[in-house]
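What follows is a short report on a single structure.
Note that the numbering runs from 1 along the sequence shown for the chain.
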Amino acid sequence: MAFSAYAATIDATTRDGFGRVIFPFGQATRLKTSSDGTTATLSFSNPLAQSPEAIAAKLPGYVTGAKLSADKRTLTITMNKPYRLRQFV
C-alpha cells in the first residue's frame, strides 16, 4: 500500500519526563504551532486520518482532551497546565 497525504498514525508517549506526540506523514507536511495557556493548536498542510483521542489516553499526565477540525488539518490539544511546545522535524 502506498502512503497517502494522511498521517499513518498519531502516536503519543512519555520519555525522560516529557510528553511527545508523533505524526508520521508519508510526504512533506508543514506544521504551524501556537499555544495559549492550556491550549495548544497544531495546523498541518495535510489532513490527519486518525482520531486524536489516543493522545489524551496515552498522555493522561499532560493532556485532558484533543479534537480535530472538520477539515482534519487543525488539532487542538487541551493540557492540564501550560507547557512549552517544541517541535522537531
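Counting heavy atoms from C-beta outward, I77 and T39 have side chains that stay 4.5 Å or more apart. Side chains of F25 and L48 form a contact here, defined as non-hydrogen atoms less than 4.5 Å apart. Side-chain atoms of V21 and T13, non-hydrogen and from C-beta on, never get closer than 4.5 Å to each other. When side chains are defined from C-beta on, L31 does not count as touching F23, because their heavy atoms never get closer than 4.5 Å.
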T41/T33 under side chain to side chain contact (heavy atoms under 4.5 Å, CB included): CA gap, chis, key distance, verdict:
CA-CA 6 Å; T41 304; T33 62; over 6 Å; no
Trace of the side chain to side chain contact (heavy atoms under 4.5 Å, CB included) decision for T38 with T64:
CA-CA 10 Å; T38 59; T64 59; over 6 Å; no
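Atom CZ of residue R73 and atom OG of residue S43 lie 10.5 Å apart, to the nearest 0.5 angstrom. Expressed to the nearest 0.5 Å, how far OG of S51 lies from NZ of K72 amounts to 8.0 Å. Put simply, OG on S35 and CE on M79 are 6.0 Å apart, with the number rounded to the nearest 0.5 Å. Atom CD1 of I10 sits about 10.0 Å away from atom CD of E53, to the nearest 0.5 Å.
Minimum heavy-atom separation, P24 to I22: CD-O, 3.5 Å. A40 and L85 make their closest contact through CB-CD1, 3.8 Å (heavy atoms, listed as atom of the first residue, atom of the second, distance).
A salt bridge is absent between D11 and R20; no separation between the charged side-chain nitrogens and carboxylate oxygens falls under 4.0 Å.
The environment of D71 atom CG is dense: over 12 non-hydrogen atoms of other residues, nucleotides or ligands sit within 6.0 angstrom.
Using modelled atom types, one finds a donor on one side chain and an acceptor on the other under 3.5 Å when comparing T29 with N46.
When ring centroids are compared, Y62 and F18 stay outside the 6.0 Å threshold.
Partner of L68 under the side chain to side chain contact (heavy atoms under 4.5 Å, CB included) criterion, chosen from L42, T74, T76, L75: L75.
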